[in-house]
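Everything on this sheet refers to the single structure shown next.
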Amino acid sequence: MTRRLLFVLSILAALSVTGCKVVFDEDKDASVVPEGPEGDDARNAARLEATFEAELLPLIRDRALPIAELRMLVAQDIDDAGEKHANRGSGQGAAWNFPVTGSGTVTEAKLDTRARSLSLDTDGDKAADVTVQLGPVIRGSALRDAAPFYQFDDFRDQIEFAKLSRALNDRIPDLVSVPEGDLIGMQVAFVGVTPLKSARDAVVVTPISVTFAP
């Protein structure tokens with residue numbers, strides 16, 4: 001019995017010397033962003049905090065082409081127009097993302113969906129020629145791809161890159177106020193970005209500004 005007791009005591013003594021230290025969550029540095037997928041949102045939030053208002057919005061406003069001029073330049077040579085006035089998205093065959101501004105008459109308003117949009121006649125021929133997205137669901141990556149300072153190589157992978165696009169689009173509804181009532185026939189001015197691969201593509205604008213007038 002004595003030998004067994006001595007053996008147990010020796011084991012307990014050894015464990016007391018080599019035992020593990022319990023580390024509580026309070027010991028972690030909350031300012032350290034994880035390098036993996038769990039850090040994507042924090043990294044993108046920091047990017048937006050640094051660039052959205054200070055760089056992206058001024059870039060789009062300053063480079064926005066009037067819609068009529070954009071049509072003319074794209075019809076002549078879209079790649080030449082893109083090199084001078086747009087930024088190309090990543091990947092083969094990616095669209096040119098043109099900052100654009102214009103105004104037109106509302107011919108259709110799709111407001112009974114989360115992907116709300118307006119169809120506008122901007123050239124006075126009574127036919128819609130521009131679609132303006134209103135959200136809250138905004139499709140595409142035009143805002144991200146219009147900016148040369150969002151480079152794919154700076155991201156962990158394509159998933160983090162896609163999350164930035166969604167985070168940018170999520171900010172658009174806060175910039176756009178849609179009046180109540182019938183919008184058909186109202187005048188709408190917009191500033192935003194449209195992705196184009198050819199002169200035949202439909203002009204779909206992700207806006208940073210939309211204003212309404214009777």
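Values in this document were obtained by computation on a predicted structure and should not be read as measured data.
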Would you give the length of the straight line joining atom [atom1] of [X] to atom [atom2] of [Y], rounded to the nearest 0.5 angstrom?
{"X": "I78", "Y": "R200", "atom1": "CD1", "atom2": "CZ", "result": "9.5 Å"}
{"X": "T107", "Y": "I184", "atom1": "OG1", "atom2": "CD1", "result": "6.5 Å"}
{"X": "L175", "Y": "R171", "atom1": "CG", "atom2": "CZ", "result": "9.0 Å"}
{"X": "L164", "Y": "R43", "atom1": "CG", "atom2": "CZ", "result": "11.5 Å"}
{"X": "L118", "Y": "L111", "atom1": "CG", "atom2": "CG", "result": "6.5 Å"}
{"X": "S90", "Y": "R144", "atom1": "OG", "atom2": "CZ", "result": "5.5 Å"}

* Co-membership, hydrophobic cluster, residues L143 and V137, 4.5 Å side-chain ->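 Cluster IDs for L143 and V137 differ.
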
* Are L65 and V204 in one and the same hydrophobic cluster, where Ile, Leu, Val, Met, Phe, Trp and Tyr link if side-chain heavy atoms are under 4.5 Å apart? ->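 They do not share one cluster, since no chain of ILVMFWY contacts under 4.5 Å joins L65 to V204.
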
Over all heavy atoms of both residues, which pair between [X] and [Y] is shortest? Give the atoms and the distance, please.
{"X": "G89", "Y": "A94", "answer": "O-CB, 3.1 Å"}
{"X": "L196", "Y": "A202", "answer": "CD2-O, 3.8 Å"}
{"X": "G102", "Y": "I67", "answer": "CA-CG2, 4.2 Å"}
{"X": "A86", "Y": "P99", "answer": "CA-CD, 4.5 Å"}
{"X": "S119", "Y": "A128", "answer": "CB-CB, 3.8 Å"}
{"X": "A199", "Y": "V74", "answer": "CA-CG1, 3.5 Å"}

Tell me, please, which residues at least two apart from [X] pass side-chain hydrogen bond (donor to acceptor under 3.5 Å, both in side chains).
{"X": "D123", "result": "none"}
{"X": "K110", "result": "none"}
{"X": "D201", "result": "S198"}

* Asked: Side chains of Q133 and I172: does their closest heavy-atom pair fall under 4.5 Å?
  ->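 Not in contact.
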
So, using salt bridge (Lys or Arg N to Asp or Glu O under 4.0 Å) as the criterion, who are the partners of [X] when residues are at least two apart?
{"X": "D80", "value": "K84"}
{"X": "R71", "value": "D129"}
{"X": "D79", "value": "R88"}
{"X": "K197", "value": "none"}

* Check whether any side-chain N or O of N87 sits under 3.5 Å from a backbone N or O of N97 as a donor-acceptor pair, and report yes or no. =>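 Here the side-chain-to-backbone pair does not exist.
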
* Asked: Which residue pairs pass the side chain to side chain donor-acceptor pair (under 3.5 Å) test with at least one member in residues 173-196, sequence neighbours excluded?
  ->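 For residues 173-196, and leaving out neighbouring residues, the side chain to side chain donor-acceptor pair (under 3.5 Å) pairs sorted by first residue read T105-Q187.
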
Just distance, no hydrogens or angles: give the donor-acceptor pairs under 3.5 Å from side chains in residues 47-60, sequence neighbours left out.
{"unit_1": "R47", "atom_1": "NH1", "unit_2": "N44", "atom_2": "OD1", "d": "2.8"}
{"unit_1": "R47", "atom_1": "NH1", "unit_2": "E160", "atom_2": "OE2", "d": "3.1"}
{"unit_1": "R47", "atom_1": "NH2", "unit_2": "D154", "atom_2": "O", "d": "3.1"}
{"unit_1": "T51", "atom_1": "OG1", "unit_2": "R47", "atom_2": "O", "d": "2.7"}
{"unit_1": "T51", "atom_1": "OG1", "unit_2": "Y150", "atom_2": "OH", "d": "2.6"}

* Sequence neighbours excluded - ring-ring contact (aromatic ring centres under 6.0 Å, His included) pairs with any residue from residues 160-188 ->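 Every pair satisfying ring-ring contact (aromatic ring centres under 6.0 Å, His included) with a residue in residues 160-188: F152-F161, F155-F161.
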
* Got a sec, which pairs hit ring-ring contact (aromatic ring centres under 6.0 Å, His included) with one end in residues 162-203, sequence neighbours left out? ->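 Output for this query is empty, none listed.
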
* To do: Assess whether side-chain contact (heavy atoms from CB on, under 4.5 Å) is satisfied between V193 and D145, documenting all intermediate values.
  => CA-CA 9 Å; V193 180; D145 295 341; over 6 Å; no

Let me have the donor-acceptor pairs involving side chains of residues 207-214, under 3.5 Å, with sequence neighbours excluded, atom names and distances please.
none

